[in-house]
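Throughout, residue positions are numbered sequentially from 1 according to the sequence presented. We count ligands from 1, going down the list as the structure has it; atoms in each ligand are counted the same way. These numbers come from the heavy atoms of this one structure, side chains and all, not from hydrogens, waters or symmetry mates.
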Amino acid sequence: MSYAKALRCRKCGQEYPVQPLNLCQFCLSPLEVSYDYKAMAGVISREQIAAGPHSMWRYRELLPVANGEVDLGTGFTPLVKADNLGRELGLDQLYIKNDCLNPTYSFKDRPVSVAITKAQEFGFDTVACASTGNLAASVAAHAAKANIKAYVFVPADVEAGKLVGTAIYNPVLLTVDGSYDDVNRLCAGVAQKYRWGFININLRPYYAEGSKTLGYEVAEQLGWRAPDCAIAAAASGLMFTRIWKGMQELAMLRLIGAVNTHMYVAQAAGSAPIVNAFEAGSLHVHPVKPDTIARSIAIGNPADGYDALMVARQSGGGAAAATDDETIAGMKLLAQTEGIFAEAAGGVVIGALKKLAASGVIKRHELTVAFITGAGPRTQEIVADAVQPIAIQPTLEALEEALNIPV
Ligand SMILES: [Zn+2]
């Protein structure tokens, strides 16, 4: 059974039955799944969750699905104590939530697992999505598992590794001559015309809920508590808001204490509309034209930008941007201290965290979780300059000479 009882408009509060719909028909604001928290309280316990599968589906009672799920084994990824990186940044209690280790190598498997499950419940035989690359791969993989047809739309300049990483699952792959924001606009029109389950359009309220599991897992892995600080990259801003919502729900259900986490948004300097708004003290997220190597988060007009901004402000958190150089340095630092090869979005998080720690905004003693949400190997051309091998002949002498080992 599901405790999801309705879709509710975030702005005017109008409620709708659970259905494939993402915008309020009165005020055009986003709809959000609302739950019967009263019925949940007392039923959902730490013990029950701990006895569940080692995947995001251990939290199934907190997700808007009935029975069964389309699952590739997503979630319950490691929360790593990052002592080496912490020493570099001046943070005594730094943890990395390593969500590179999902089936298609990014956190997107969480929202997609919920959305495709819901697409099946609604009876769709076709799903679709607009993507900067990671979502495309995840949707294509889950559609393959669910035996349903997938149409994925990506900007034509998407990285080669992400194209292959999507095409391998054999969706209908469409490369669109334009930016992600152009792709998104096209898909809004497509979604109106065809009866498809559009993962990030008419299924968006359900899709959104999958990312709450990042918040649940971190709290559980910390021994049922929320961290002092959390930092995550924002593209549309949706995941960032859902990490927060997940922790709030656990507190509401008394599975953890009060959440006093300061939430920090990280964006690429070349695509930082939310950071810009935060720094200007503005309530308006003005669209920008993205120009960054961190393509997976290059969204100039973030659909949930306002909500992400509000979470950062109301939680007493903040925002910081990383330039392309700082992003590459962040990727290398994370790999060379913790053995984690993240994509550029992860480099943005580390670059932004470095600034926030250096300026004393995030304090040395605070328990801080950095969310690393996509793996690096599919976009390894960004750090190709790291390859500086020592070329030798296959002899011991050649080795010792090359390494300057005295004989
Ligand atoms: Zn409304």
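- Around the Zn ion (ligand 1), protein N, O or S atoms at less than 2.8 Å number 4.
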Side chains of residues 317-325: which donor-acceptor pairs under 3.5 Å do they make with residues two or more places apart or in other chains?
| unit_1 | atom_1 | unit_2 | atom_2 | d |
| --- | --- | --- | --- | --- |
| Thr323 | OG1 | Glu326 | N | 3.1 |
| Thr323 | OG1 | Glu326 | OE1 | 3.3 |
| Asp324 | OD1 | Thr292 | OG1 | 3.4 |
| Asp324 | OD1 | Ile293 | N | 3.3 |

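- For CG of Asp291, the number of neighbouring non-hydrogen atoms (other residues, nucleotides, ligands) closer than 6.0 Å is 12 at most.
- Figure legend: cation-pi geometry between Lys212 and Tyr216 absent, as NZ or CZ is not positioned both under 6.0 Å from the six-membered ring centre and within 45° of its axis.
- Figure legend: Arg58 and Phe76 shown as a cation-pi pair, the cationic atom lying under 6.0 angstrom from the six-membered ring centre and within 45 degrees of its axis.
- Residues passing the salt bridge (charged side-chain N to carboxylate O under 4.0 Å, His left out) test with Glu69 are Arg60, sequence neighbours excluded.
- Applying the salt bridge (charged side-chain N to carboxylate O under 4.0 Å, His left out) test to Lys162 and every residue at least two apart in sequence or in another chain returns Glu343.
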